Amino acid sequence: MTLSRILEGIRPADEAAKAQACQRLHDMGKPLGSLGVLEEDLIALAGAQGTPDVDLSRRRVAVFCADNGVVAQGVTQCGQEVTAIVTENLARRATTVCIMADHSNCDVLPINIGVARPVSGEKILQRPIRMGTADMTREPAMTPAECEAAILVGVETALRSREEGYRILLTGEMGIGNTTSSSAVASVLLGTPVEEMTGRGAGLSSEGLARKIGAIRTAIALHAPDPANPLDVLSKVGGLDLAGMVGLCLGGAYCRTPVLLDGFISNVAALIAVRLCPSVSDYILASHVSAEPAGRRLLEALGKKPLLCAEMRLGEGTGAVAALGPLDLMTAVYREMLCFDEIGVDHYETLV
């Protein structure tokens, strides 16, 4: 399946299902809109799934694992070898997101989309496009063909997950140096100075942060990515894990499966997906606002409200998994709450 066919096949969410869910919430025996963003997300889930009977019973966090060549510029605290170690630990269910997922009835799927060395593990989906991106301060991170191939890995993941019965997908990533590539993409797409988009990632010193900002500026000046062409930006200064999550968002929209975003890096991927096809916005939800400097700004650009404000910045999909709890509580209320007529109380009215 080609990327163009996927983009052509994405349709807006089901407005009838959203209206039915909205009416159900209106009839429930509680003040109107009193559960805030939880209610808004419930309505969005109904529209995405195409039914007012929202079902989150089977969920999967897809963790796209890849290395970033820009690590050679000293933009990270630890070495590139950590990506491979954590990828294999994901397969052993020995990372933070795995523990959280075990307690949230959520499956974890690690995907090798571009780790710099071979990784092994029975549960790893092996889809490497190349062994890490190039150093974007010297050459484009990947070719346009590699970029599209990585996106299609994400699309494939979404379509297969739907066939396997998953009703909501979560974005995750693992890749040392990926806040650098994501900050570069965000800076170009939002037309915002690099220093406002770039944070310390996994604990950089002030000197390290200065190198990181300098590397991003060098890459953008060298390649002049076109902000009107998201694929050009992604291929020149992005990452393979970022591209995979773009594909997950597109594939989720194509097969009417909602996608719950993680933090900063996931939101950059979602922004690319929405720029490629605005209707994708109907199928994505925000889990939390990242502690990265650009976290809130990206959510504003996407028009999404986070469920959690916990200053998280771990990645792996941890923020998305953490947000499953509130969504589960909302769906339980939605299914089980009595209506005004059933409790003998007059309906609330919308007052202006």
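Every value quoted in this text rests on a predicted model; they were computed, and no experiment measured them.
Looking at residues two or more places apart in sequence or on another chain, you find a side chain to side chain contact (heavy atoms under 4.5 Å, CB included) between A116 and D67, Q80. Residues passing the salt bridge (charged side-chain N to carboxylate O under 4.0 Å, His left out) test with D14: none are found, sequence neighbours excluded. Scanning for side chain to side chain contact (heavy atoms under 4.5 Å, CB included) contacts around D27 gives Q23, C339, H347, with sequence neighbours left out. For K30, the salt bridge (charged side-chain N to carboxylate O under 4.0 Å, His left out) test picks out E39, with sequence neighbours left out. Legend: residues meeting salt bridge (charged side-chain N to carboxylate O under 4.0 Å, His left out) with E139, ordered by chain and number and at least two apart, are absent. Applying the side chain to side chain contact (heavy atoms under 4.5 Å, CB included) test to P118 and every residue at least two apart in sequence or in another chain returns M131. Qualifying side-chain hydrogen bond (donor to acceptor under 3.5 Å, both in side chains) partners for D226, counting only residues two or more places apart in sequence or in other chains: none. When the side chain to side chain contact (heavy atoms under 4.5 Å, CB included) test is applied to R5, the partners found at least two apart in sequence or on another chain are M1, T2, Y254.
For the pairing with E88, the salt bridge (Lys or Arg N to Asp or Glu O under 4.0 Å) check across R117, K123, R93 returns one residue only, R117. Each of D241, T76, N68 was compared with N178 under the side-chain hydrogen bond (donor to acceptor under 3.5 Å, both in side chains) criterion, and only D241 meets it. Of the options K304, K18, K305, a salt bridge (Lys or Arg N to Asp or Glu O under 4.0 Å) to E40 is made by K305 and by none of the others.
Judged as a salt bridge (charged side-chain N to carboxylate O under 4.0 Å, His left out), the pairs with a partner in residues 201-211 (not counting sequence neighbours) are, in order, E207-R211.
If you chain together ILVMFWY residues whose side-chain heavy atoms come under 4.5 Å of each other, V289 ends up grouped with L299. V119 belongs to a hydrophobic cluster whose other members, connected by ILVMFWY side-chain contacts under 4.5 Å either directly or through intermediates, are V115, I124.
Ion pairing between R160 and E156 holds under the 4.0 Å rule for side-chain N and carboxylate O. Between R217 and E195 there is a salt bridge, with a side-chain nitrogen of the basic residue lying less than 4.0 Å from a carboxylate oxygen of the acidic one.
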Side chains of residues 315-333: which donor-acceptor partners sit under 3.5 Å, not counting sequence neighbours?
from: E316; atom 1: OE1; to: T95; atom 2: OG1; distance (Å): 3.0
from: E316; atom 1: OE1; to: V97; atom 2: N; distance (Å): 3.1
from: T318; atom 1: OG1; to: G315; atom 2: O; distance (Å): 2.8
from: D328; atom 1: OD1; to: R59; atom 2: NH1; distance (Å): 3.1
from: D328; atom 1: OD2; to: R59; atom 2: NH2; distance (Å): 2.7
from: T331; atom 1: OG1; to: L327; atom 2: O; distance (Å): 3.2
from: T331; atom 1: OG1; to: D328; atom 2: O; distance (Å): 2.9

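A chain of hydrophobic side-chain contacts below 4.5 Å, direct or via other Ile, Leu, Val, Met, Phe, Trp or Tyr residues, connects L45 to L38.
The distance from the CG atom of L250 to the OG atom of S279 is 11.5 Å, given to the nearest 0.5 Å. Between the NE2 atom in H223 and the OG atom in S235 there is a gap of 9.5 Å [rounded to 0.5 Å]. One finds the OG atom of S4 at 12.0 Å from the CG atom of L276 (value rounded to the nearest 0.5 Å).
Defined by atom type and a distance below 3.5 Å, a donor-acceptor pair is missing between the side-chain atoms of K212 and S183. For Q73 and D135, the side-chain atoms include at least one donor-acceptor pair closer than 3.5 Å.
In this structure the side chain of T87 never reaches within 4.5 angstrom of the side chain of V63, judged on heavy atoms. Using a 4.5 Å heavy-atom threshold, the side chains of E173 and L242 count as separate. Under the 4.5 Å side-chain criterion, counting only non-hydrogen atoms from C-beta, P258 is not in contact with D41. Counting heavy atoms from C-beta on, the side chains of T180 and M136 come closer than 4.5 Å.
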